[in-house]
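First the proteins, then the strands, lettered A, B, ... as listed; each starts at 1.
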Number of protein chains: 4
Amino acid sequence: MKLSEKKLLKKKEEIILSAVKIVNRKGYRRATMEEIAGELLMTKGSLYYYFKNKEDLVFQCHEKVLSQATEELESHLNECISYEEKLRRMIATHIQYAIEEKETFNMIIKPDQTFSTEQLNPILVIRHEYAGLFDRVIREGIAHREFTIKEPKIARMILLGSMNWIQQWYSPQGGKSMEELQEIYADYLIKVVK
Amino acid sequence: MKLSEKKLLKKKEEIILSAVKIVNRKGYRRATMEEIAGELLMTKGSLYYYFKNKEDLVFQCHEKVLSQATEELESHLNECISYEEKLRRMIATHIQYAIEEKETFNMIIKPDQTFSTEQLNPILVIRHEYAGLFDRVIREGIAHREFTIKEPKIARMILLGSMNWIQQWYSPQGGKSMEELQEIYADYLIKVVK
Amino acid sequence: MKLSEKKLLKKKEEIILSAVKIVNRKGYRRATMEEIAGELLMTKGSLYYYFKNKEDLVFQCHEKVLSQATEELESHLNECISYEEKLRRMIATHIQYAIEEKETFNMIIKPDQTFSTEQLNPILVIRHEYAGLFDRVIREGIAHREFTIKEPKIARMILLGSMNWIQQWYSPQGGKSMEELQEIYADYLIKVVK
Amino acid sequence: MKLSEKKLLKKKEEIILSAVKIVNRKGYRRATMEEIAGELLMTKGSLYYYFKNKEDLVFQCHEKVLSQATEELESHLNECISYEEKLRRMIATHIQYAIEEKETFNMIIKPDQTFSTEQLNPILVIRHEYAGLFDRVIREGIAHREFTIKEPKIARMILLGSMNWIQQWYSPQGGKSMEELQEIYADYLIKVVK
DNA sequence: TATGAATGAGGTTTCATTCAT
DNA sequence: AATGAATGAAACCTCATTCAT
């Protein structure tokens with residue numbers, strides 16, 4: 001890879017980070033290209049050198065965030081610990097992302113509100129993959145007799161649904177810290193699959 | 001109440017229903033007054049005869065849906081049955097709403113950073129009331145030794161979050177009927193509070 | 001004239017009065033038909049029974065105000081007093097209207113901003129008549145050797161211009177009462193024509 | 001100052017001139033952003049690149065015109081001539097402005113209940129300064145026994161009001177040239193303060 | 001006569017996008 | 001690679017006007 005390409009990628013990454021920040025703060029519609037550019041002391045015109053359009057930029061934000069999260073989840077799956085412990089750690093990871101990357105995660109949750117059909121599909125694929133990791137830990141946990149339930153898919157939906165909901169009410173100033181939440185959620189959600 | 005007033009209210013209700021539908025599909029920002037009006041074969045100008053502005057219209061959407069749902073839940077709380085059974089029925093009711101009145105009920109879910117502080121408060125109050133009914137059944141269930149958990153609020157959030165999530169994937173053509181879902185969810189969620 | 005016609009005229013008059021009030025407060029564009037009707041506990045639809053459109057209504061406001069003022073001016077002209085005294089009284093009258101019927105008078109001053117060509121002409125006629133009364137008192141005053149100037153038309157324009165300007169700064173809470181202004185203006189403006 | 005900044009300012013000035021023209025012709029409410037832009041073969045959207053909103057644009061119109069006029073008047077005050085002569089020249093200047101820069105100068109005249117209090121104040125300040133120059137020449141003229149009146153402020157208002165009024169009727173094709181008017185007005189208005 | 005309801009033209013504003021430089 | 005400037009579509013909102021009842 002040439003130096004110029006490297007520079008290009010670095011710049012793209014910077015822009016994505018800025019976009020993630022703004023979109024998380026304001027939501028997709030309210031986040032303007034101008035503000036995203038302003039954060040980096042650029043002008044909005046420049047963004048179009050790096051990204052085809054706003055949708056494309058935000059799409060790449062997702063890819064980044066979600067692939068990061070997926071990676072983390074996978075690492076937990078590969079650790080040498082009990083399935084319960086694996087699931088605990090995956091829950092903690094998901095909660096962290098849901099809180100810290102709130103709006104970006106939100107777009108993954110309701111992508112059809114944001115993306116055109118063309119870009120919808122790749123997102124659904126990543127999303128499906130992501131959910132699949134939870135399916136796997138549950139299924140394998142059942143196979144190893146750590147979990148007992150009959151409907152692993154529905155259990156997974158309960159897990160993800162309840163964790164995604166955290167966004168609706170969580171506030172850093174609220175009563176519980178993120179760490180506490182991670183623990184309590186893990187405790188209670190493990191009960192579901194046990 | 002005069003006939004004309006009744007008619008006015010009916011029309012307002014129609015508009016609200018249309019608005020709920022569009023807003024749920026598209027989100028607050030993407031839902032346009034024109035589309036909301038078009039659904040009813042009206043023109044956007046007419047909406048302003050009934051509602052002060054877009055915010056006001058959407059606000060009344062929230063208000064209506066929430067207060068209606070609250071009423072239904074309360075009836076279950078007053079039945080003479082065990083707390084577990086009360087909770088099962090409330091879960092069934094909530095799921096039924098979430099599925100059959102999907103678009104209407106969805107409103108509860110989105111708090112939207114849209115509302116001016118003036119209108120945000122009344123919404124939060126009703127929302128709080130609704131959630132409070134679940135809190136109550138859990139707390140009282142604990143007092144009667146039917147449930148055992150230490151964090152009833154978080155349990156409630158897990159319950160509501162997981163149920164609201166059903167909307168994201170449920171389809172009548174899918175594998176499970178609503179009745180099956182109601183049962184499985186009740187089974188799994190009761191485990192959380194037990 | 002039949003009773004019903006009388007009633008009609010009376011209602012029209014009421015509406016005109018309301019319109020004058022609102023237009024004076026807000027100006028032509030900001031005064032809405034709804035507000036004009038509201039003042040009389042009517043709905044705006046009703047106004048169209050009495051007036052062809054907003055322009056027509058406001059046009060009749062003018063006619064009323066200006067014909068009233070003209071009448072007053074004429075009465076002063078016919079009093080048996082010196083021309084200086086006649087002019088003093090006319091000045092007082094004009095100032096009073098300029099202050100108390102501020103916006104209506106304003107429309108007479110700049111009618112082309114408000115009226116379509118069709119209605120512009122009648123207004124210009126009345127306006128011309130009105131100014132003519134000042135011309136007359138000055139010309140006759142010169143004929144009777146009370147005044148001495150060579151350019152009566154320009155003097156008249158100075159008089160009217162300076163008085164119309166009062167609107168720009170006069171406030172009831174200001175330092176001088178209307179009565180004081182009437183006197184000082186008369187004193188100073190008489191100097192112009194002397 | 002960089003070239004680009006200069007260009008920006010020039011464009012802003014062009015827009016201001018266009019706005020002044022339209023607003024004077026139609027008044028604040030009737031002047032549309034589209035028309036103002038159209039005059040310069042631009043689209044209304046572009047105006048928002050240069051000005052925050054309509055109010056801001058019109059505000060800057062006022063500001064510009066007023067400060068420019070003030071500067072010119074001040075030079076006369078500093079000449080070494082009698083106060084009567086100073087006043088004559090200031091009158092001539094004001095009339096010239098009112099006639100030759102009719103549309104630009106007209107802005108001084110309309111205070112429009114349009115501006116938010118925030119923007120109204122700076123305008124009133126400059127306006128006050130401008131008028132203050134006439135006040136000064138009259139007051140100092142009194143101090144030097146050239147003038148005799150007791151109400152210098154009101155005299156000033158008569159002067160400005162009558163001169164501003166010229167715009168309402170003056171036409172180059174009319175009977176009197178501007179130079180004649182300047183002389184006659186000076187003659188008659190000096191009588192007011194003598 | 002009066003009105004409730006609807007309309008639609010027209011206005012302001014926002015902002016993603018384009019493009020010459 | 002970047003930007004300043006312009007654009008235009010689309011959104012919200014206002015309000016004079018119409019008309020069936």
Side-chain angles (χ1 to χ4, degrees), chain A residues 4 7-8 11 28-37 40-58, chain B residues 2-5 7-8 11-12 15 28-37 40-57, chain C residues 4 7-8 11 28-37 40-58, chain D residues 2-5 7-8 11-12 15 28-37 40-57:
Chain A
S4 64
K7 254 177 140 178
L8 186 90
K11 194 86 192 178
Y28 179 75
R29 297 287 281 192
R30 293 181 112 108
T32 69
M33 293 299 266
E34 197 150 26
E35 202 173 355
I36 292 167
L40 299 166
L41 306 179
M42 303 166 76
T43 58
K44 58 182 167 179
S46 315
L47 298 185
Y48 289 85
Y49 180 77
Y50 298 95
F51 299 93
K52 208 169 114 265
N53 52 31
K54 190 183 181 184
E55 195 184 345
D56 180 36
L57 167 55
V58 176
Chain B
K2 279 183 257 158
L3 183 64
S4 63
E5 280 180 47
K7 256 177 144 175
L8 185 89
K11 191 84 194 181
K12 277 184 105 168
I15 296 173
Y28 179 79
R29 298 284 283 195
R30 297 199 129 173
T32 72
M33 293 299 266
E34 197 150 28
E35 200 175 356
I36 291 167
L40 299 166
L41 306 178
M42 301 168 77
T43 60
K44 60 183 165 180
S46 311
L47 298 187
Y48 290 88
Y49 180 76
Y50 296 96
F51 300 92
K52 211 169 113 269
N53 52 31
K54 190 182 180 183
E55 194 185 347
D56 181 37
L57 168 53
Chain C
S4 63
K7 254 177 140 178
L8 185 90
K11 195 84 192 177
Y28 178 75
R29 296 286 281 192
R30 294 181 111 106
T32 69
M33 295 297 268
E34 196 149 28
E35 202 174 356
I36 292 167
L40 299 167
L41 306 178
M42 303 167 75
T43 58
K44 58 182 168 179
S46 314
L47 297 185
Y48 290 85
Y49 180 77
Y50 297 96
F51 299 92
K52 207 169 114 265
N53 51 31
K54 188 182 181 183
E55 196 185 345
D56 181 36
L57 166 54
V58 176
Chain D
K2 279 183 257 155
L3 182 65
S4 64
E5 280 181 46
K7 255 178 144 174
L8 186 89
K11 192 83 194 181
K12 277 184 104 167
I15 296 173
Y28 179 80
R29 297 285 283 193
R30 297 199 129 175
T32 71
M33 294 299 266
E34 196 150 27
E35 201 175 355
I36 292 168
L40 299 166
L41 306 178
M42 301 167 76
T43 59
K44 57 184 167 179
S46 310
L47 298 186
Y48 290 86
Y49 181 77
Y50 297 95
F51 300 92
K52 210 169 112 269
N53 51 31
K54 189 183 181 184
E55 193 186 347
D56 180 37
L57 168 53

D:L8: which residues meet the side-chain contact (heavy atoms from CB on, under 4.5 Å) condition with it, sequence neighbours left out? D:Y49, D:Y50

Residue list, side-chain contact (heavy atoms from CB on, under 4.5 Å) with C:S46, at least two apart or on another chain: C:M42, C:T43

Quick one: the dot-bracket string of DNA chain F, using Watson-Crick and G-U wobble pairs with both distances under 3.5 Å, [ ] for crossing pairs and | for bases paired to another strand. .||||||||||||||||||||

Distance, rounded to the nearest Å, where [X] contributes [atom1] and [N] contributes [atom2]:
X	N	atom1	atom2	answer
B:F51	E:dA5	CZ	P	12 Å
A:L40	F:dA2	CG	C1'	13 Å
D:L41	F:dA5	CG	C1'	15 Å
C:K11	E:dT1	NZ	P	11 Å
C:K7	E:dT1	NZ	P	8 Å
C:E35	F:dT14	CD	P	14 Å
B:M42	E:dT7	CE	C1'	10 Å
D:L8	F:dA6	CG	C1'	13 Å

Distance-only, no hydrogens or angles: does the C:K54 side chain make a donor-acceptor pair with backbone N or O of C:Y28 under 3.5 Å? yes

Base contacts versus sugar-phosphate-only contacts with protein, heavy atoms under 4.0 Å: please encode nucleotides 13-21 of chain E as B, S and - from 5' to 3'. BBSBBB---

If the condition is salt bridge (Lys or Arg N to Asp or Glu O under 4.0 Å), which residues does A:E34 pass it with, not counting sequence neighbours? A:K44

Heavy-atom nearest nucleotide on DNA chain F taken for D:T43 and for A:T43; more 5' hit belongs to A:T43

Nearest heavy-atom pair of A:N53 and A:D56: which atoms, and what distance? OD1-N, 2.8 Å

Shortest non-hydrogen contact between A:L47 and A:M33, atoms and distance: CD1-O, 3.5 Å

With a cut-off of less than 4.0 Å, is there a side-chain N or O of C:Y49 near OP1 or OP2 of E:dA2? no

Distance from B:K12 atom NZ to B:I15 atom CD1, nearest 0.5 Å? 8.5 Å

Here the gap from A:F51 atom CZ to A:L57 atom CG, rounded to the nearest 0.5 Å, amounts to 5.0 Å

